[in-house]
2 protein chains.
Amino acid sequence: MLSGKLKKIFGHLDPNNPPIVCPIRDILSSVTDKWSILVLLFLGGHTKLRFNQLKSLIYGISSKSLSEKLKILEKDGYIVREDFLEVPIRVEYRLTSLGLSHLEQLIKIAEWASENMNTIIKNRVNNSHLS
Amino acid sequence: MLSGKLKKIFGHLDPNNPPIVCPIRDILSSVTDKWSILVLLFLGGHTKLRFNQLKSLIYGISSKSLSEKLKILEKDGYIVREDFLEVPIRVEYRLTSLGLSHLEQLIKIAEWASENMNTIIKNRVNNSHLS
DNA sequence: CGGCATCCGAGTAGATACTG
DNA sequence: CAGTATCTACTCGGATGCCG
C-alpha cells in the first residue's frame, strides 16, 4: 500500500476537496508529451543544441511544434535559450539545473520503456480485440 | 555526456536512419497524458478499484475519457479488467506486473514534480513575458 | 538560420442523455 | 454500475509560405 506516498504526492486524496494545484495535471502533464521528452533527452545528451540540430534529431517534428515546445520548456524553467545576436542567427538551447534534475527521472523512464517495449508491442498484438 | 545511454535507449541516433520503433514516441507517449498517469498512480495506491471509484478519485475526468484511457492501458498490458458478471455490474481494475514495474518510475517522477512544483510555478510567473 | 503567420483537417474533450 | 452514443467545441499537429 502506498497511500502514504500518494498522500505526500497529492497533499490529500479527498475528491470532495481537490488540491488547488495537482502536480500531475498542472505541473507534469505540460511536458510529458513525446516531443518535450525527446527535446529534454537530446539536450541532455549534447549539452547544447541549435534549433535545427534539435529538429533533425527529433525526426518528424515540425518547426511550429518544436518552437512551441521550446517556449513551454523555457517558461517552466527546464531549458534556457541563448541568442548570440549574430548574422546569420545563432540560437542555442541547453538544460538548466531544474532540467538536469528532471532529466534523471526521464532517463530512467526511457530506459524502462526501451527494456519493455517488446513486451508492450506483443501485448498490443495479443489484445487487438480491444479498442 | 550521456550519449552512451541515449544510444542504448534509442538504438542509434542517426536522423537519416530513424529507428522503426521509438520507445518514447511509440511506447511511452500513449500513457504519459495526465489521465493515464493518474489512473496508474491511484491503482497503485489501492490495489484494485472500480470504474466509478476511479472516476471519483480522478476528479474532473468524464466517463468517456476514463473508459478510453482504461482501454489503452489494458491493451498495452499495464492493467487488467475483471468483470464479475454480477447484477448490478461490478468491474474491477488492477495493475499487472508490468503496470507495477512502470508505477515505480511514475512514483519517482510524481514525487519529483511534487517537490519542484513551487519552483516551476514561480518560473511561470517570472517568465510570463514568454508565450 | 530560426523562427512566425496562416490555414486546415483530425483528433479529443466535455456535456448530456441513455442502456443492459 | 459501468459504461456507450451523440453532438459540439476546441485544440493540436502538419503543411506551406514568408521574413529579418
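Just so it is clear, the values below take in all heavy atoms, side chains as well, and ignore hydrogens, waters and symmetry mates. To find a chain, count down the sequence lines: A is the first, B the second, and so on, and within it residues start at 1.
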Hey, any chance B/F42 and A/V21 share a hydrophobic cluster, counting ILVMFWY side chains that come within less than 4.5 Å of each other, even indirectly? yes
Applying a strict under-4.5 Å side-chain criterion to I, L, V, M, F, W and Y, I'd like to know whether B/V91 and A/L130 cluster together. no
Think [X] has a side-chain N or O under 4.0 angstrom from the OP1 or OP2 of [N]?
X	N	answer
B/R81	D/dA2	no
A/R50	C/dC1	no
A/K71	C/dC4	yes
B/S67	D/dT4	yes

Is there a donor and acceptor pair closer than 3.5 Å between the side chain of B/K64 and the base of C/dA13? yes
[X] [atom1] to [N] [atom2]: how many Å, rounded?
X	N	atom1	atom2	answer
A/K48	C/dG2	NZ	P	12 Å
B/L70	D/dA2	CG	P	11 Å
B/L66	D/dA2	CG	P	10 Å
B/I61	C/dA13	CD1	P	9 Å
B/L85	D/dC1	CG	C1'	13 Å
B/E86	D/dA2	CD	P	10 Å
A/L49	C/dG3	CG	P	13 Å
A/D83	C/dG2	CG	P	10 Å

Nearest-nucleotide comparison on DNA chain C, the residue closer to the 5′ end among B/S65 and A/I89: A/I89
Assign B/Y93 to base, sugar-phosphate, or nothing according to its heavy-atom contacts below 4.0 angstrom with the strands shown. sugar-phosphate
Over all strands shown, is B/K34 touching base, sugar-phosphate only, or nothing at heavy-atom distances under 4.0 angstrom? nothing
Please determine, for the side chain of A/W35, which listed nucleotide (D/dG14, C/dC1, D/dC1) has the closest atom? D/dG14
Testing B/V39, B/L49, B/I79, B/V80 for side-chain contact (heavy atoms from CB on, under 4.5 Å) with B/Y93, which one passes? B/I79
Whichever of A/E68 and B/E92 has the more 5' nearest nucleotide on DNA chain D, that residue is B/E92
Hey, are the side chains of B/R124 and A/S30 touching, using non-hydrogen atoms and a 4.5 Å cut-off? yes
Between B/S36 and B/D33: side-chain donor-acceptor atoms closer than 3.5 Å: yes
